[in-house]
Amino acid sequence: MESLSVLVLVLAALIGVSLGLLGGGGSILAVPLLAYVAGMEPREAVAGSLFVVAVTSAVSLISHARRGNVRWRLGTLFGTASMFGAFAGGLIGGRIPGTVLMIAFALMMLVTAAAMLRHRKAVPTSSPSGEHSSLRRWRILAEGLIVGLVTGMVGAGGGFLVVPALALLAGLPMSAAVGTSLVVIIMKSVAGLGGYLTAVSLDWPLILLVTGAAVAGALLGSRFTDRIPETGLRKAFGIFVLIMGGLVLTLELT
């Protein structure tokens, strides 16, 4: 039992490191950790991951805000839209059979891995104006609603959908997209958790223990954001997520 507890804490710390470094990846690790290692029922694992990611993202947000990497107005706009989608997703996910939920989660992992491994072109950092600004605002709201729905339902795809959206639709540099994504992740994780808590109950001592380890990892990860090449880190993590997604899908289908 002690070795299992140590493994849970180590993997929880990796969740925090991922969020601190990349602005995402928390739920990708948290759901398998809670479901397969800690032995939680799939719907409880998804709900618990939303709490862990919300708290850990809040801690990571502090260091990013100090560096000036957070666009509060844009993050709040995207986050508000995502909250409506996330709450609806949580309501739906809390009533979906566990196996179906985990298969959907595995498919989202594969999509996320593909997005991480795909080469991203540079995007303009200047702010659009006039009609184009209004069009992008509506696209950001629509994207926020869709991302929130997906995240609230399967507990994954948050940061690695939000970061590209903020970079491509809003024209933010990657450093600002990562920092701002944390605002969105916090808002929609809380909303998704609210939806889930209408149908499931959580093992709060275990969730708080995992959260504490993840917070420690986030503090560590945020210190290395400017020291580790982002491209190589994302590629390595993308390969890891691809392997994990294939493993989860295989386990659930067999």
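Side-chain atoms are counted along with the backbone in the values below, which use heavy atoms only and exclude waters and symmetry mates.
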Peer 1: Can you tell me how far the CD1 atom of Ile186 sits from the CE atom of Met83, to the nearest 0.5 Å?
Peer 2: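 Rounded to the nearest 0.5 Å, the CD1-CE separation comes to 11.0 Å.
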Peer 1: Can you tell me how far apart CG (Leu202) and CG (Leu34) are? Round to the nearest 0.5 Å.
Peer 2: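 Separation between the atoms: 9.0 Å.
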Peer 1: Out of curiosity, Ser57 OG to Ile185 CD1, how far, rounded to the nearest 0.5 Å?
Peer 2: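 These two atoms lie 4.5 Å from each other.
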Peer 1: Counting N and O atoms only, with roles assigned by atom type, does the side chain of Ser49 sit under 3.5 Å from a partner on the main chain of Val46, one being a donor and the other an acceptor?
Peer 2: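 Yes; at least one donor-acceptor contact below 3.5 Å.
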Peer 1: Looking at every heavy atom in both Ala86 and Lys188, which two are closest together, and how far apart are they?
Peer 2: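 In terms of heavy atoms, the two residues are closest at CB-O, 3.1 Å.
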Peer 1: Quick one: pull up CD in Glu252 and CE in Met102 and give me the separation to the nearest 0.5 Å.
Peer 2: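 That separation rounds to 5.5 Å.
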Peer 1: A side-chain contact here means heavy atoms from C-beta on lying under 4.5 Å apart; do Val248 and Tyr36 qualify?
Peer 2: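 Counting from C-beta outward, Val248 and Tyr36 do come under 4.5 Å.
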Peer 1: Report yes or no: do Val59 and Leu14 belong to one cluster of Ile/Leu/Val/Met/Phe/Trp/Tyr joined by side chain heavy-atom distances under 4.5 Å?
Peer 2: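 Yes; tracing contacts between hydrophobic side chains, which count when under 4.5 Å, links both residues.
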Peer 1: Using only atom types and a distance under 3.5 Å, with no angle test, would you say the side chain of Arg43 pairs donor to acceptor with the backbone of Gly94?
Peer 2: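 Side chain of Arg43 to backbone of Gly94: a pair is present.
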Peer 1: Distance from Leu9 atom CG to Leu209 atom CG, nearest 0.5 Å?
Peer 2: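 Atom-to-atom, Leu9:CG and Leu209:CG are 4.5 Å apart.
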Peer 1: Walk me through it: do Leu74 and Leu172 pass the test side chain to side chain contact (heavy atoms under 4.5 Å, CB included)?
Peer 2: CA-CA 10 Å; Leu74 179 61; Leu172 295 184; 3.6 Å; yes
Peer 1: Can any side-chain N or O of Thr198 pair as donor or acceptor with the backbone N or O of Gly195 at less than 3.5 Å?
Peer 2: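 Pair found, side chain donor or acceptor close to backbone of Gly195.
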Peer 1: Specify the closest pair of heavy atoms between Arg95 and Ala199, including all atoms of both residues, with the distance to one decimal.
Peer 2: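 That closest heavy-atom pairing would be NH1-CB, 3.9 Å.
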Peer 1: Give, for atom OG of Ser63 and atom CG of Asn69, the distance between the pair rounded to the nearest 0.5 Å.
Peer 2: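 Going from OG on Ser63 over to CG on Asn69, the span is 9.0 Å.
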Peer 1: Let me check something: do Leu219 and Val55 share a hydrophobic cluster, defined by ILVMFWY side-chain heavy atoms less than 4.5 Å apart, either directly or through other members?
Peer 2: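 Same cluster.
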Peer 1: Any heavy-atom pair between the side chains of Leu193 and Ser189 that's under 4.5 Å?
Peer 2: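 When only atoms from C-beta onward are counted, Leu193 and Ser189 do not touch, as no gap falls below 4.5 Å.
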Peer 1: Does CZ belonging to Phe84 count more than 12 external heavy atoms closer than 6.0 Å?
Peer 2: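 Atom CZ in Phe84 is not packed in, count stays at 12 or less.
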Peer 1: Tell me the closest heavy-atom pair linking Leu101 and Gly93, and the distance in Å.
Peer 2: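 That closest heavy-atom pairing would be CD2-O, 4.1 Å.
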Peer 1: Search all heavy atoms of Ala218 against all heavy atoms of Thr56 and return the closest pair with its distance.
Peer 2: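 Closest pair (atom of Ala218, atom of Thr56, distance): CB-CG2, 3.5 Å.
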Peer 1: Where do Gly192 and Leu50 come nearest, in terms of heavy atoms and distance?
Peer 2: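 In terms of heavy atoms, the two residues are closest at C-CD1, 3.6 Å.
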Peer 1: According to a 4.5 Å side-chain heavy-atom criterion applied to Ile, Leu, Val, Met, Phe, Trp and Tyr, with indirect links allowed, do Ile62 and Leu182 form part of one hydrophobic cluster?
Peer 2: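 Hydrophobic grouping puts Ile62 apart from Leu182.
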Peer 1: Would you say Arg66 has more than 12 foreign heavy atoms packed within less than 6.0 Å of its CZ?
Peer 2: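 Open.
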Peer 1: May I ask whether Ile207 and Val37 are part of the same hydrophobic cluster, defined by side-chain heavy atoms of I, L, V, M, F, W, Y residues being less than 4.5 angstrom apart, directly or through others?
Peer 2: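 Ile207 and Val37: one cluster.
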Peer 1: Would Leu11 end up clustered with Val52 when hydrophobic side chains under 4.5 Å apart are linked, directly or stepwise?
Peer 2: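 Same cluster.
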Peer 1: Is Leu149 close to Leu145 at the side-chain level, that is, under 4.5 Å between some pair of heavy atoms?
Peer 2: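 Not touching, per the 4.5 Å side-chain cut-off.
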Peer 1: Any idea which heavy atoms bring Tyr196 and Ala47 closest together, and the distance?
Peer 2: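 Smallest interatomic distance, heavy atoms only, reads CB-CB, 3.7 Å.
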Peer 1: Please evaluate residues Phe51 and Leu208 with respect to the criterion side chain to side chain contact (heavy atoms under 4.5 Å, CB included), reporting the C-alpha separation (whole Å), side-chain torsions for both, the decisive distance (0.1 Å), and the verdict.
Peer 2: CA-CA 9 Å; Phe51 178 85; Leu208 292 175; 3.8 Å; yes
Peer 1: Give me the one residue out of Val183, Thr180, Val70 that meets side-chain contact (heavy atoms from CB on, under 4.5 Å) with His64.
Peer 2: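 Among the candidates, only Val70 passes.
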